[in-house]
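Every value quoted in this text rests on a predicted model; they were computed, and no experiment measured them. In what follows, every chain begins at residue 1, and chains take the letters A, B, ... in the order their sequences are listed.
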Protein chains: 2
Amino acid sequence: MTSDKPRETRRALTLRDVSEASGVSEMTVSRVLRNSGDVSASTRERVLEAARRLGYVPNKIAGALASQRVNLVAVIVPSLSNLVFPDVLSGISAELEETGLQPVFGVSNYSAEREEAVLYEMLSWRPTGVILAGLEHTDAARAMLRNAGIPIVEIMDVDGEPVDSVVGISHRRAGLAMARTIVKAGYRRIAFLGTKMPHDHRARKRMEGFEAGLAEAGLELVDREFYSGGSALKKGREMTEAVLSRNPDLDFLYYSNDMIGAGGLLWCLEQGIDVPGRLGLAGFNGVDLLEGLPKRLATMDACRHKIGRIAARIVSGRSESGQIGGERIELTPQIQLGDTIRQA
Amino acid sequence: MTSDKPRETRRALTLRDVSEASGVSEMTVSRVLRNSGDVSASTRERVLEAARRLGYVPNKIAGALASQRVNLVAVIVPSLSNLVFPDVLSGISAELEETGLQPVFGVSNYSAEREEAVLYEMLSWRPTGVILAGLEHTDAARAMLRNAGIPIVEIMDVDGEPVDSVVGISHRRAGLAMARTIVKAGYRRIAFLGTKMPHDHRARKRMEGFEAGLAEAGLELVDREFYSGGSALKKGREMTEAVLSRNPDLDFLYYSNDMIGAGGLLWCLEQGIDVPGRLGLAGFNGVDLLEGLPKRLATMDACRHKIGRIAARIVSGRSESGQIGGERIELTPQIQLGDTIRQA
DNA sequence: CTGAAAGCGCTAACAA
DNA sequence: TTGTTAGCGCTTTCAG
């Protein structure tokens with residue numbers, strides 16, 4: 001660069017520049033660039049040629065202000081490093097691709113306050129809709145969502161009161177189903193291993209449902225162990241060792257996610273523990289990773305990609321029901337027994 | 001909802017509404033809401049109270065148009081399911097947190113054309129800066145970046161010609177260093193296992209550097225194997241089995257990422273292969289996951305989080321060098337020998 | 001098929 | 001400390 005102020009120097013191009021370069025009115029240039037209205041082929045060509053030559057990039061800020069339309073969909077998830085959320089996001093992206101809508105991602109780090117802040121920021125760009133994980137929000141966030149006057153879709157979880165539409169699974173029922181399966185398979189001395197995060201509501205609901213399922217059979221959790229941070233695989237090992245040394249007679253370990261479950265599985269196999277004969281194991285999520293383990297960990301598919309697609313469809317107004325809001329779609333996750341629950 | 005048109009009914013609130021509700025001019029309301037200029041404490045209180053009561057959310061579209069300032073930083077990565085990129089994004093988010101800037105993520109799916117489209121879309125929102133992975137872009141994308149008149153930071157890779165600033169590691173040198181280490185450790189019959197994606201330029205550069213390193217010792221790759229799609233862990237197993245059945249006398253496998261390396265490691269251990277005695281293994285990235293494996297896979301840390309932080313710092317104009325653009329920052333990844341390369 | 005005028009909701013610059 | 005005026009760059013609407 002040779003100029004003194006490399007950044008400030010270059011004024012961004014406007015429609016007017018393209019208009020002057022092509023000898024066509026701003027209005028017509030605008031029409032060409034948006035494929036809106038009828039424009040003669042020759043005019044169209046001249047405009048496109050000029051725009052390309054100049055390297056014109058439209059200013060959507062001005063466009064959005066004038067048209068009161070914004071092709072953005074706000075998406076807020078708790079974390080990106082969870083393996084789970086990238087799947088949801090890819091479902092959303094895939095579905096939105098054909099609609100001209102664009103997802104914009106925000107991360108709340110499992111904090112309701114942070115979520116509120118991110119939401120406020122995103123709503124100030126007047127998106128076409130909002131997709132966010134979970135049903136637990138601050139009161140202020142809820143109020144903002146209600147006042148926004150746009151489609152809101154809460155995803156992943158259906159156990160609670162949605163603001164508008166909701167797409168997900170019942171984590172309570174998921175836990176319940178797993179408990180019943182395990183009991184039916186004959187396991188009796190059962191422990192739960194999960195995240196410590198007080199704000200992982202879905203893991204909490206699974207645990208509650210799980211305990212309810214055990215209670216039906218007159219059982220209680222024999223032990224629990226929680227972790228936070230670090231390599232989940234490693235934590236899975238450590239927690240497994242911890243609970244088994246406290247309670248050597250445990251015969252089942254229910255993990256709140258597949259990663260720690262995988263760690264536990266690896267540890268058990270190294271110890272020569274008979275899985276699933278003497279000890280059964282199960283995780284949650286149905287992540288790809290499990291396919292590469294020595295044994296397939298029992299799990300439940302959380303329907304992540306599908307949830308993303310359906311949510312996106314609702315926001316884009318192409319929901320199958322044709323409904324205009326307030327949809328409630330509960331998917332039913334299937335248990336995959338894998339090789340770590342003995343067959344009844 | 002009781003109204004007929006639940007969506008269209010509610011007009012979004014404007015500054016004017018807050019102005020009327022508080023009896024303060026729009027301009028002063030604007031000042032309060034932006035903490036700009038001097039406003040008396042009492043006026044300030046009245047305004048905030050009114051804004052809160054009404055549930056006013058500012059319209060950043062109008063604000064950005066008027067002020068010509070946008071607090072958005074465009075970030076484009078090839079994929080979110082790669083484990084690598086969430087780390088970079090978290091580095092960016094963490095660094096931007098205190099600056100008032102907001103990252104906005106886009107995904108290119110390892111396609112230069114898709115990247116160009118996403119970039120065009122994002123630039124049309126006039127962001128404060130752009131951070132994008134890699135140095136390989138379409139000519140059109142490059143032109144847009146140059147014309148944008150904002151800080152551009154290409155990340156992850158420094159082997160090539162940046163548009164403006166660049167922060168990353170040399171994947172060529174990374175491959176080279178690994179080759180030298182391996183040769184020094186006495187391995188001679190070496191294979192490469194990686195992704196098929198023709199657009200994973202960084203993996204390609206690592207392989208090229210790796211081959212150059214082997215060549216220094218008069219060696220060549222004995223075999224190569226590539227995959228695409230599916231569970232990386234599983235693919236790692238399959239590819240490992242494939243190359244070893246083709247060439248049972250191989251004594252080292254270099255994987256283009258840790259996930260397939262982990263799969264290969266698990267497979268080898270199950271087969272009772274002596275690692276690292278008879279067969280050495282190494283991956284790339286230094287992912288958390290490795291800590292939970294039976295043996296620690298040799299790897300190199302790609303400095304992902306740090307790259308994100310530095311890139312964000314450059315965009316926010318708080319770069320350590322104080323330079324105004326055109327920075328070139330090369331980090332040097334360290335080899336972690338782990339338990340899968342024998343010590344010389 | 002093309003153009004002119006008005007204004008989207010906010011903020012910079014200036015005035016009081 | 002507060003208010004007024006004039007746009008930001010585009011699209012809507014309506015007229016030719």
Quiz prompt | Nearest-nucleotide pick for A/Leu15, side chain only, options being C/dC10, D/dC10, D/dG9 | solution = D/dC10
Quiz item: Counting N and O atoms only, with roles assigned by atom type, does the side chain of B/Asp157 sit under 3.5 Å from a partner on the main chain of B/Asp159, one being a donor and the other an acceptor?
Solution: yes
Exercise. Just compare C/dA5, D/dG3, C/dC10 and give me whichever is closest to any side-chain atom of B/Ala66.
Key: C/dC10
Practice problem: Indicate whether OP1 or OP2 belonging to D/dT11 is found under 4.0 Å from a side-chain N or O atom of A/Arg69. | Solution: no
Quiz item: Are the side chain of A/Asn82 and the backbone of A/Ser79 linked by a donor-acceptor contact shorter than 3.5 Å?
Solution: no
Practice problem: Please report, rounded to the nearest Å, how far the C1' atom of D/dA6 is from the CE atom of B/Met27. | Solution: 12 Å
Quiz prompt | Donor-acceptor pair present, B/Arg31 side chain and D/dG3 base, under 3.5 Å | solution = yes
Quiz item: Is any side-chain nitrogen or oxygen of A/Ser40 closer than 4.0 Å to OP1 or OP2 of C/dT2?
Solution: yes
Quiz prompt | side-chain N/O B/Ser25 vs D/dG3 OP1/OP2, d < 4.0 Å | solution = yes
Quiz item: Can you find a side chain N or O atom of B/Ser36 that sits less than 4.0 Å from OP1 or OP2 on C/dT11?
Solution: no
Quiz item: Once you round it to whole Å, what is the distance between P of D/dG9 and CH2 of B/Trp125?
Solution: 15 Å
Practice problem: For B/Ser30 and B/Arg34, test the side chains for any donor-to-acceptor distance below 3.5 angstrom and give the result as yes or no. | Solution: yes
Exercise. Find the distance B/Leu13:CG to C/dC10:P and express it as a whole number of Å.
Key: 10 Å
Quiz item: B/Ile61 CD1 to D/dG7 P: how many Å, rounded?
Solution: 23 Å
Quiz item: Which residue, A/Tyr56 or B/Gly23, contacts DNA chain D at a nucleotide closer to its 5' end, judged by nearest heavy atom?
Solution: B/Gly23
Quiz item: Rounded to whole angstroms, how far apart are CD on A/Glu26 and C1' on C/dT2?
Solution: 14 Å
Practice problem: Starting from the C-alpha separation in whole Å, work towards a yes-or-no answer on side-chain hydrogen bond (donor to acceptor under 3.5 Å, both in side chains) for A/Glu327 and A/Ser321. | Solution: CA-CA 8 Å; A/Glu327 294 209 55; A/Ser321 74; 3.0 Å; yes
Quiz item: Any side-chain N or O of A/Arg34 less than 4.0 Å from the OP1 or OP2 oxygen of D/dT12?
Solution: yes
Self-check item: Whole-Å gap separating C1' (C/dC1) and CZ (A/Arg46)
Solution: 13 Å
Quiz item: Picking from C/dT2, D/dT2, D/dC10, which would you name as closest to the side chain of B/Thr28?
Solution: D/dT2
Quiz prompt | N-O pairing of B/Arg11 and B/Asp17 below 4.0 Å | solution = yes
Quiz item: Looking across every strand, which nucleic acid part, if any, lies under 4.0 Å from B/Asn59 by heavy atom: base, sugar-phosphate, or nothing?
Solution: sugar-phosphate
Self-check item: Closest contact, heavy atoms only, B/Thr43 versus B/Ser40
Solution: OG1-OG, 2.6 Å
Quiz prompt | First encountered from the 5' end of DNA chain D, between B/Leu65 and B/Arg44 | solution = B/Arg44
Quiz item: For C/dG7, does either OP1 or OP2 sit under 4.0 Å from a side-chain N or O belonging to A/Gln68?
Solution: no
Quiz item: When you check the phosphate oxygens OP1 and OP2 of C/dC10, does a side-chain N or O of B/Ser30 lie under 4.0 Å from one of them?
Solution: no
Quiz item: To the nearest Å, how far apart are A/Arg11 CZ and D/dC8 C1'?
Solution: 12 Å
Exercise. Rounded to the nearest angstrom, tell me the gap between atom CG in A/Leu54 and atom C1' in D/dG9.
Key: 16 Å
